[in-house]
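Notes follow once the structure below has been shown.
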Amino acid sequence: MRLRAGISAALAAAAILVVGWQAGAQVTASNASTVTTSAAGTTGGTASGTGSTAAGATGSSTSGSSSGTGAGTGSTTGSSSGTGSSSTSTLGASAKAGGTYAGTAVETRFGTVQVQVTIKAGVITDVTALHLTDQEQRSVQISARAAPLLRSEVLSAQSANVQTIGGATYTSEAYLTSLQAALDAAHF
Amino acid sequence: MQPTSKPSEPGQGSADPRLRSRTFTSMGTVVSLAIPAAPGTAPQAAAEELEAAAAVVEQLFNRLDRTFSLYRPDSEASAMARGELALMDASADMRRLYVEATEWRTLTEGAFTAERPDGVVDLAGIVKAHAIREAGTSLLALGLKDWCLNAGGDVLVDGSPTPESTQPWLAGLVDPEDRTTLLTAFPLGNRGKHALATSGTSERGHHIWSAGLPAARDEGFRQVSVAAADIITADVLATAIMAGGARTLALATSRWDVDVLAVKNDGGLLATPGFRNLAAQNS
């Protein structure tokens, strides 16, 4: 789960790096299985953009933005998007060089995320999460999405064990027969 | 940090003799303020503190109700609904809350709206949460550290039911299938979430309209509870998810630091990790 999320974030940043570095050359693909990335940026040595990722297999989603600095040589505006099943990226003729590029650390609600991309012969060969921890420096729970849950998996509770009762707004008449009324009576 | 749930431990929950509450009726529902007596406080002093705090909260609710209620023909909101008062001529309170509601409409991509299908400005979806927020600010200004305010099932807390401890307030959530039982409970105050709001329909299949987004019946929810740092976020998102369905649920959990428990029309549950049985996780 965390790995997939990390890869998703990394690829989002990678797509942006590719855009910046590509400098106007044709972008073919930049994707991994179950991942869709999209990015847009203005080049000129620096590319920045917003990438959103969605891991289709489990349906988790998160959004963040990332930006990266690449060895851009042109000054054009480029964008890339697409879906595919490959975990590598094929680059155009002007991007046959290799190198390792670190993206900018990005603050997300899940913590700081920073990725590093290694490119050899125009192909992304490695994506590493340089930084993927929360404020307490623990592993990041990247998804806070709502997932199906059995009733036995939520905290069981009885009205005698809680201090207050939440629920859809009741009328003052409905209050009279509500659990909250019983609690208030007990606390009077 | 102590475990968030000790359902069977005596001396907590309503068995705690130090917890006292007062109720009053406002905005068509019942508001309840519960405050634990601080250790060493004389019973009489604690009772007077609660009475004084409840009086402040009641005045605040009633003042806002006189401005915003569409059930009062003499309210500012009613004058606007009749077309006698333009928004730009309305009070600062009215305009401020309208702007806030409009911002939430944008943020929720139309799922939350402050306008009825007939175009009448209806801030009912945010007024109660606004009153709870203002009341909370007043309670803090009064110097109260530990309190629980429940307005018709929407809850805002501060501190702990056990003064000078880290024990969270435990809020039960009514089971929409059976109002006399609890579906679960959520610890409030932990991880900065002090507010819990619930939106729901009493009848299956009820339609909620919002900006032309009728929730599809098969993906609709019967009850949605949202825990957040503040009551406005919790209340607006609970309403928005009820209206917008699964799409708005995904939007809410990705954009805001909230916990959500949604009861689907078929009785199934969707929950963020915060609603999982924390006691089981800790063991």
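By convention in this document, chain letters (A, B, ...) are assigned in the order of the sequence lines, proteins followed by strands, and residues within each chain are numbered from 1. Source: prediction; values computed, not measured.
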Which bit of Ser26(B) is near chain A, if near means a heavy-atom gap under 4.5 Å: side chain, backbone, both or neither?
neither
On a heavy-atom basis, the closest approach of Val162(A) and Ala185(B) is CG1-CB, 4.0 Å
Applying a strict 4.5 Å limit to non-hydrogen atoms, the region of Leu249(B) in contact with chain A is side chain
In terms of heavy-atom proximity below 4.5 Å to chain A, should Ser225(B) be classed as side chain, backbone, both, or neither?
neither
Heavy-atom pair with the smallest gap, counting every atom of Gln180(A) and Ser32(B)
NE2-OG, 3.5 Å
Quick one: list whatever passes side-chain hydrogen bond (donor to acceptor under 3.5 Å, both in side chains) with Ser160(B), sequence neighbours left out.
Ser165(B)
Which portion of Gln158(A) sits near chain B, non-hydrogen atoms under 4.5 angstrom:
backbone
Honestly, the part of Ala174(A) sitting under 4.5 Å from a heavy atom of chain B is both
Under 3.5 Å side-chain donor-acceptor pair for Asn150(B) and Thr164(A)
yes
Donor-acceptor pair, distance only, cut-off 3.5 Å: does the side chain of Thr184(B) make one with the backbone of Leu155(A)?
yes
Region of Leu183(B) in contact with chain A, defined by heavy-atom distances below 4.5 Å
both
Partner set under salt bridge (charged side-chain N to carboxylate O under 4.0 Å, His left out) for Glu51(B), not counting sequence neighbours:
Arg22(B)
